[in-house]
Trainee: 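Before anything else, here's the structure in question.
Protein chains get the first letters and strands the later ones, always in sequence-line order, with residue 1 at the start of each.
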There are 2 protein chains.
Amino acid sequence: MAVTIKDVAKKAGVNASTVSRVIKDSSEISDKTKAKVRKAMQDLGYRRNAAAQILASGKTNTIGVVFPPVSDKASQPFFMKILTSINETARDYNVSVAIATGHSTKELKKQVELQYSEKRVDGFIILYAGKRDEIRDYLLENDIPFVLVGTPSERQNEITHVDNDNMLLGREAVRHLAELQHQKIAFVTDTTEGEVYEERYQGFKDEMNRLGLTKRLIFFNKDFMLEDETALVAMDDVLALKVVERLSEIGLKVPDDVSMITYNNSIFASILHPYLTTFDIHIEQLGAAAVKKFLDLSNDKNFLPEKTIIPFELILRESTKIKK
Amino acid sequence: MAVTIKDVAKKAGVNASTVSRVIKDSSEISDKTKAKVRKAMQDLGYRRNAAAQILASGKTNTIGVVFPPVSDKASQPFFMKILTSINETARDYNVSVAIATGHSTKELKKQVELQYSEKRVDGFIILYAGKRDEIRDYLLENDIPFVLVGTPSERQNEITHVDNDNMLLGREAVRHLAELQHQKIAFVTDTTEGEVYEERYQGFKDEMNRLGLTKRLIFFNKDFMLEDETALVAMDDVLALKVVERLSEIGLKVPDDVSMITYNNSIFASILHPYLTTFDIHIEQLGAAAVKKFLDLSNDKNFLPEKTIIPFELILRESTKIKK
DNA sequence: CTGAAAGCGCTTACAG
DNA sequence: CTGAAAGCGCTTACAG
């Protein structure tokens with residue numbers, strides 16, 4: 001059988017409750033006793049029993065990570081990356097991670113409810129934002145701690161979330177292109193939904209106006225054309241790849257004829273030439289911050305919702321160039 | 001407070017032990033009593049407490065999923081896809097999933113050991129195969145149940161694993177190209193390590209020999225050249241993309257000048273034209289089978305190691321064509 | 001077919 | 001600073 005707290009207690013000549021206190025490094029216990037107990041734990045190879053601890057303390061010390069209810073999450077490196085980061089940060093704080101996936105919101109909600117009601121998790125980190133859905137409503141109503149990665153479009157003041165500054169991201173793309181002398185710039189997107197799009201595009205427009213440049217919004221489809229733009233801002237790496245392909249079809253080369261800047265710095269940005277100039281959104285930091293905020297919020301009943309902004313970084317590669 | 005087994009017992013007018021038996025649908029309990037107890041559970045909204053169940057039963061009903069100790073796992077859609085499939089299959093069997101990630105084998109092993117020794121998991125599904133490592137050794141030595149996704153290069157007879165038939169996958173690629181009249185075919189790879197490479201390449205060679213065709217192995221680098229091959233087999237979608245790019249540099253078009261077939265059917269196979277003819281390796285099935293085998297093996301002390309072969313499917317797209 | 005009791009391995013007031 | 005005791009919510013021999 002595995003060694004328990006009692007075995008340790010006996011070996012160290014103390015009571016089990018003392019061992020328990022040593023485990024949580026309680027300040028009540030004298031250093032001398034702590035040392036003695038720790039030695040016994042070492043010698044015996046003691047490992048706590050997670051289930052017993054959870055049952056007795058009522059705290060699971062595990063976070064449920066909720067993936068979006070879509071089937072293409074595998075194609076977005078974002079999710080695996082942030083999961084890794086969340087898991088590793090969590091481990092540093094001695095907490096575990098459970099995951100909730102599903103093809104529909106309904107399925108997903110069932111899993112979320114189950115995890116919480118069976119007391120498997122203390123709360124959740126949700127990996128998608130945008131409009132409210134049943135899950136967020138359920139968590140809010142029941143006062144279940146959670147952190148959102150991204151920016152919710154409703155009740156922002158009641159939800160702790162971590163995100164990049166997408167407005168600024170829109171602006172900075174323009175700044176970079178403007179520095180390269182470009183004056184006619186279009187924003188290319190394949191979606192017109194979601195906070196990410198709205199904010200990046202808003203930032204784009206603001207900065208373009210501020211600089212008095214000529215702007216346009218292009219909704220991507222396979223036969224879109226350019227007017228006289230010399231530079232483009234694309235919503236993400238994958239879209240950018242498709243845009244490069246389309247441009248080449250109509251005889252335009254990136255970056256010689258058209259500069260292009262995009263977002264995410266995923267693998268897609270550097271498989272094919274031209275490697276893309278893109279903003280790295282620091283996914284590891286997003287994940288780490290989400291965990292920390294979750295811990296803050298679940299440990300402090302008086303914690304007030306807040307937004308954490310994670311910095312980004314421009315990765316200069318081959319797709320942007322000074323206007324000829 | 002949450003409703004417990006006792007509350008249900010009281011409401012149904014039975015003993016707590018009876019409720020427990022009803023939960024596991026024990027055949028010892030009469031249908032009448034079951035109905036009565038179930039009604040009480042319904043009325044009260046009873047949910048089991050996972051920790052209590054684990055502590056009392058000694059079974060965690062959770063599987064640890066071990067990711068490879070590399071940092072680019074996010075770029076391979078495989079991992080997120082199989083994780084989703086594992087999680088969803090597990091849920092159908094009422095088991096949970098924990099994950100272990102790490103940048104080095106050492107870190108990873110620590111996490112694996114911890115999860116097992118703290119009794120958080122009953123065993124593991126390992127998402128990478130190839131050569132043995134400390135983790136596999138540790139599991140084997142300690143008789144900890146696990147299933148491998150992929151084919152181990154050592155002790156195959158002692159390890160339950162699920163995989164595609166990579167040899168056949170090599171052969172079938174040749175068959176498809178041969179049917180299209182190609183006679184000079186090269187196998188392109190950017191790695192010469194691992195079972196996957198070895199088996200696919202072996203299958204390729206065998207079939208080429210059988211058909212008496214002219215074969216070659218090309219190690220991919222950015223300035224590789226073709227001799228007189230008219231068709232290629234590439235190790236995976238991403239590599240294939242790079243090969244297409246290189247071919248276009250030297251004036252060769254896929255599929256007009258060169259046909260190309262590849263593996264995985266990931267997102268990379270259908271972002272840019274030519275969309276790639278590729279083998280879908282049925283990742284969902286790999287994940288589902290891994291879970292089922294794990295359950296078989298962890299529930300039956302006499303279970304003998306076995307290999308499960310998951311079928312694949314040729315996805316015809318734009319990159320292969322009859323030889324002109 | 002069902003109940004009473006012990007036990008799983010911890011935590012945490014309470015007392016001193 | 002430490003101990004003794006009760007309790008967390010289940011499961012599972014044992015008995016009838």
Side-chain angles (χ1 to χ4, degrees), chain A residues 1-38 40-41 44-62 94 96 114 116-122 299, chain B residues 1-38 40-41 44-62 94 96 114 116-122 299:
Chain A
M1 267 301 34
V3 5
T4 74
I5 223 180
K6 280 192 188 166
D7 303 319
V8 175
K10 186 180 295 175
K11 171 121 183 171
V14 299
N15 187 278
S17 54
T18 301
V19 176
S20 173
R21 290 186 185 106
V22 173
I23 288 170
K24 56 196 292 200
D25 201 14
S26 161
S27 60
E28 293 177 311
I29 304 293
S30 73
D31 289 348
K32 208 173 126 203
T33 305
K34 278 186 185 171
K36 197 169 53 177
V37 171
R38 286 191 180 123
M41 295 200 295
L44 262 31
Y46 171 77
R47 310 249 81 155
R48 65 175 170 171
N49 178 308
Q53 203 171 40
I54 293 170
L55 180 59
S57 72
K59 279 217 66 180
T60 69
N61 280 314
T62 114
N94 250 297
S96 298
L114 206 65
Y116 192 77
S117 62
E118 292 187 345
K119 304 232 172 11
R120 292 183 180 278
V121 301
D122 294 326
N299 289 329
Chain B
M1 269 298 40
V3 4
T4 74
I5 222 180
K6 280 192 188 167
D7 303 318
V8 176
K10 187 180 295 174
K11 172 120 181 173
V14 299
N15 188 277
S17 54
T18 300
V19 176
S20 174
R21 291 185 186 107
V22 172
I23 288 169
K24 57 195 290 203
D25 201 13
S26 162
S27 60
E28 292 178 312
I29 304 293
S30 73
D31 289 348
K32 210 175 125 202
T33 305
K34 278 185 185 171
K36 198 170 53 180
V37 171
R38 286 192 179 123
M41 296 201 296
L44 261 32
Y46 170 77
R47 308 250 85 153
R48 64 175 171 172
N49 179 307
Q53 203 170 40
I54 292 170
L55 180 59
S57 72
K59 279 216 66 179
T60 68
N61 280 314
T62 114
N94 250 297
S96 297
L114 206 66
Y116 192 76
S117 62
E118 291 188 344
K119 304 233 169 17
R120 291 183 181 279
V121 302
D122 294 327
N299 289 329

Trainee: Should A:Val37 and A:Arg21 be marked as a side chain to side chain contact (heavy atoms under 4.5 Å, CB included) after you check the CA-CA gap, both sets of side-chain angles, and the distance that decides it?
Mentor: CA-CA 10 Å; A:Val37 171; A:Arg21 290 186 185 106; over 6 Å; no
Trainee: Under 4.0 Å: is that the gap between some side-chain N or O of A:Ser30 and OP1 or OP2 of D:dT2?
Mentor: yes
Trainee: When you measure only distances, ignoring hydrogens and angles, does the side chain of B:Arg21 come within 3.5 Å of the base of C:dG3 through a donor and an acceptor?
Mentor: yes
Trainee: So, the side chain of B:Thr62 versus the backbone of B:Arg120: is there a donor-acceptor pair under 3.5 Å, distance only?
Mentor: yes
Trainee: Quickly work out the B:Arg48 CZ to D:dT11 P distance and round it to whole Å.
Mentor: 9 Å
Trainee: Calculate the interatomic distance between B:Leu55 atom CG and D:dT11 atom P; express it in whole Å.
Mentor: 11 Å
Trainee: Report the distance from atom NZ of A:Lys59 to atom C1' of C:dC10, rounded to the nearest whole Å.
Mentor: 16 Å
Trainee: To the nearest Å, how far apart are B:Lys6 NZ and C:dA5 P?
Mentor: 12 Å
Trainee: Tell me: CD1 of B:Ile5 to C1' of D:dT11, nearest whole Å?
Mentor: 8 Å
Trainee: Any ion pair linking B:Arg38 and B:Asp25 (charged N to carboxylate O, less than 4.0 Å)?
Mentor: yes
Trainee: Roughly how many Å is it from CG in B:Asp7 to P in D:dC8, rounded to a whole number?
Mentor: 11 Å
Trainee: For the pair made of CG in B:Asp31 and C1' in C:dC1, what is the distance, rounded to whole Å?
Mentor: 11 Å
Trainee: Can B:Ile54 and B:Asn61 be said to form a side chain to side chain contact (heavy atoms under 4.5 Å, CB included), step by step?
Mentor: CA-CA 8 Å; B:Ile54 292 170; B:Asn61 280 314; over 6 Å; no
Trainee: When you check the phosphate oxygens OP1 and OP2 of D:dT11, does a side-chain N or O of B:Gln53 lie under 4.0 Å from one of them?
Mentor: yes
Trainee: Starting at atom CG of B:Asn15, determine the distance to atom P of C:dA4, rounded to an integer number of angstrom.
Mentor: 5 Å
Trainee: Could A:Arg48 and B:Glu118 be called an ion pair, given the rule that one side-chain N must be under 4.0 Å from one carboxylate O?
Mentor: yes
Trainee: Dot-bracket, DNA chain C: Watson-Crick or G-U, under 3.5 angstrom, [ ] crossing, | other strand?
Mentor: |||.||||||||.|||
Trainee: Picking from D:dG7, D:dG3, C:dT12, which would you name as closest to the side chain of A:Val14?
Mentor: D:dG3
Trainee: Is B:Ser17 close enough to C:dA4 that one of its side-chain N or O atoms is under 4.0 Å from OP1 or OP2 there?
Mentor: no
Trainee: A:Ser20 side chain N/O closer than 4.0 Å to the phosphate oxygens (OP1, OP2) of C:dT11?
Mentor: yes
Trainee: If you assign A:Thr4 and A:Glu28 each to the DNA chain C nucleotide with the nearest heavy atom, which residue ends up on the more 5' nucleotide?
Mentor: A:Thr4
Trainee: Drop me the distance from B:Lys24's NZ to B:Ile29's CD1, to the nearest 0.5 angstrom.
Mentor: 10.5 Å
Trainee: Between A:Asn49 and C:dC10, is there a contact of a side-chain N or O with OP1 or OP2 at under 4.0 Å?
Mentor: no
Trainee: When you measure from the side chain of B:Thr60 to the backbone of B:Lys119, do you find a donor-acceptor pair of N or O atoms at a distance under 3.5 Å?
Mentor: no
